[in-house]
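Below is one structure, written out as structure tokens; comments come after it.
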Amino acid sequence: MPQQEVDLIVRNIKQLLTLRGGSEGPRKGPGMTDLGVIESGSVAVRGDHIAAVGTDREVSERVRIGAHTEVIDASGRVVLPGFVDPHTHPVFAGTREEEFELRLKGASYPEIAAAGGGIRSSVRQLRQASGEQLRREALPRLDRLLAHGTTTAEAKSGYGLDLANELKSLEVIAQLNRDHPVDLVPTFLGAHEVPDEYRQDREAYIRLVEEEMIPRVANGDLAEFCDIFCEQDVFDVTESRRILIAARRAGLKLKLHADELAASGGSQLAAELGAVSADHLVHTGADGIAAMAAAGVIPVLLPGTTFFLGSDHYAPAREMIAAGLPVALATDLNPGSCMTESMPMILTLACLKMGLLPSEVICAATVNAAWAVDRGAMVGSLEEGKRADLVVWKMDNYKILPYHYGVNLVDTVIKSGQVVYRDGHFPS
Ligand code: NIG
Ligand code: FE
């Protein structure tokens, strides 16, 4: 085979986690511990895709290093696929640290929401902000995602809650996707809450979402998924079904915030409608787990939210894995219930609070997370032909990743074949 010159090569990698086979589907059960580890490995990149992966020797036989090849020496380092964060709310105006303090003094998240705070307070702030202001506030959040090893993130609207402001939020997501190296998967979340002006007439708001917002979002190609907050006192199962069926008819794929604060029937609804994922699932029982397993719904777990809300009741992740569900992990980045961009922190919490192993959390944040946003054929594992999204970590074995917590051990981030973060800096 003629040797091909490559644009970039990462070599002498102490531990290369390929997650090979990740393009075939999400990993389940004991398969979640299979990371496809190569000792003394290389990844070679041409353009925006991976040209070769294997041991140093295998790759050096297949590709050629030329005068213009960028060579990164990863001696003593671990390399993983870039994280996929499959659940974030990154477009919001202002922050809610006052509510954080109220919670520390004893108020609960639902009490704050019922008093007009919570999501509705972010809605009031977002409606005042221009698209440009929203974009400027979101950019440093995307920088922090990247700096913590995330190269693809799902991004929801849901703080506009009227036609103009939901469209404004989705347009900001589209613009951020063009301007920033992190790839965004846009999700319409018009049914995140009932806004102030419809509190006396929720039926009218549901009709607005079904009849005006969903068609405009779908026709404008502004979202790939539709999500809903299916929860007691927000949207019940009957209302959620109506909205999600309208979204599916318009060609959107489905996600649900389900069983977050109480068992709401959301996991069964996700199974009934063939949703790609159901997220949170803190209160999901055996029936919901069985229904999701039968229907192939991916559970996206958000232990950072449980932690940040000060609860000790975490999602039943071990039961889900035992039932053959391909668990994925996400930050839930948002100003109310989980203010973090750090996937490594989420991995630590998933180990300590949900009993997952270091190998399982890495699988949940790469291959399974990629499938949770329908990107499994493109990202989530390091295989020839897939997008060259990879991260060099300052550690010599992957078990350090969830263990050495609360600090950032990312060395270099490569997104679509370009070095976009190195040692604390974003080269322009
Ligand atoms: O995923 N649960 C609903 N939405 C977010 C919280 C949003 C907020 O408080 O601003 C969540 O937890
Ligand atoms: Fe959320």
Side-chain angles (χ1 to χ4, degrees), residues 85-100 102-103 107-127 134 137-138 141 153-161 165-166 169 173 185-196 225-236 240 243 254-264 266-267 270 275 277-284 299-311 313-315 328-341 346 349 369 372-373:
D85 186 343
H87 183 138
T88 84
H89 307 248
V91 177
F92 54 87
T95 46
R96 303 208 320 252
E97 61 280 11
E98 297 306 329
E99 291 182 6
F100 178 67
L102 286 175
R103 287 198 286 109
S108 74
Y109 181 79
E111 278 164 8
I112 292 170
I119 294 170
R120 286 187 286 148
S121 112
S122 287
V123 170
R124 289 189 286 273
Q125 295 188 72
L126 182 134
R127 288 177 176 180
L134 289 176
E137 283 195 43
R141 296 177 196 133
E154 186 254 14
K156 302 176 197 294
S157 67
Y159 293 114
L161 308 191
N165 284 293
E166 282 298 304
S169 304
I173 291 170
V185 179
T187 294
F188 168 64
L189 179 54
H192 196 190
E193 178 53 291
V194 178
D196 292 342
F225 285 90
C226 178
D227 192 353
I228 188 162
F229 194 5
C230 178
E231 190 74 45
Q232 239 171 40
D233 303 326
V234 193
F235 295 98
D236 66 22
S240 300
I243 290 174
L254 307 183
K255 290 181 167 289
L256 288 84
H257 282 66
D259 304 336
E260 176 182 356
L261 305 170
S264 62
S267 46
S277 77
D279 302 28
H280 286 288
L281 305 174
V282 173
H283 297 275
T284 302
V300 175
L301 306 185
L302 309 162
T305 308
T306 308
F307 175 73
F308 198 73
L309 292 180
S311 157
H313 189 142
Y314 284 81
L329 289 166
T331 59
D332 197 17
L333 165 61
N334 77 75
S337 69
C338 195
M339 188 65 169
T340 186
E341 293 91 351
I346 300 304
L349 291 171
V373 291

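First listed ligand is number 1; within each ligand, the first listed atom is number 1.
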#### Entry: Backbone N/O of Phe188 and side chain of Ser157: donor-acceptor pair under 3.5 Å
no
Is there a donor in the side chain of His89 and an acceptor in the side chain of Asp332, or the other way round, less than 3.5 Å apart?
yes
Hey, is the main chain of Phe308 close enough, under 3.5 Å, to the side chain of Arg103 for a donor-acceptor pair? yes
Answer yes or no: is there a donor N or O on one side and an acceptor on the other, between the side chain of Ser311 and the main chain of His313, under 3.5 Å? yes
Once you restrict both partners to nitrogen or oxygen, which atoms of ligand 1 have a protein partner under 3.5 Å, and how far apart are they?
{"residue": "ligand 1", "atom": "1 (O)", "partner": "His89", "partner atom": "NE2", "Å": "3.4"}
{"residue": "ligand 1", "atom": "1 (O)", "partner": "His257", "partner atom": "NE2", "Å": "3.1"}
{"residue": "ligand 1", "atom": "1 (O)", "partner": "His280", "partner atom": "NE2", "Å": "3.0"}
{"residue": "ligand 1", "atom": "1 (O)", "partner": "Asp332", "partner atom": "OD1", "Å": "2.9"}
{"residue": "ligand 1", "atom": "1 (O)", "partner": "Asp332", "partner atom": "OD2", "Å": "2.9"}
{"residue": "ligand 1", "atom": "2 (N)", "partner": "Glu260", "partner atom": "OE1", "Å": "2.7"}
{"residue": "ligand 1", "atom": "4 (N)", "partner": "His192", "partner atom": "NE2", "Å": "2.8"}
{"residue": "ligand 1", "atom": "9 (O)", "partner": "Arg96", "partner atom": "NH2", "Å": "2.8"}
{"residue": "ligand 1", "atom": "9 (O)", "partner": "Tyr109", "partner atom": "OH", "Å": "2.5"}
{"residue": "ligand 1", "atom": "10 (O)", "partner": "Arg96", "partner atom": "NH1", "Å": "2.9"}
{"residue": "ligand 1", "atom": "10 (O)", "partner": "Arg96", "partner atom": "NH2", "Å": "3.3"}
{"residue": "ligand 1", "atom": "10 (O)", "partner": "Tyr159", "partner atom": "OH", "Å": "2.7"}
{"residue": "ligand 1", "atom": "12 (O)", "partner": "Glu260", "partner atom": "OE2", "Å": "3.3"}
{"residue": "ligand 1", "atom": "12 (O)", "partner": "Asp332", "partner atom": "OD2", "Å": "3.0"}
{"residue": "ligand 1", "atom": "12 (O)", "partner": "Ser337", "partner atom": "OG", "Å": "2.5"}

Notebook entry, point to check: Do Asp227 and Thr187 meet the criterion of a side-chain donor-acceptor pair at a distance under 3.5 Å?
Noted result: no
Across all chains, not counting sequence neighbours, the side chain to side chain donor-acceptor pair (under 3.5 Å) partners of Asp233 are none
**Message:** Please check: side-chain N/O of Glu137 versus main-chain N/O of Val91, any donor-acceptor pairing under 3.5 Å?
**Reply:** no
Exercise for the section: Taking the six-membered ring for Trp and the single ring otherwise, decide whether the centroids of Phe307 and Tyr314 are under 6.0 Å apart. Expected result: no
Ring pair (Phe, Tyr, Trp, His ring centres under 6.0 Å) filter on Phe229, not counting sequence neighbours, yields His257
So the protein N/O/S atoms within less than 2.8 Å of the Fe ion (ligand 2) come down to His87 NE2, His89 NE2, His257 NE2, Asp332 OD1
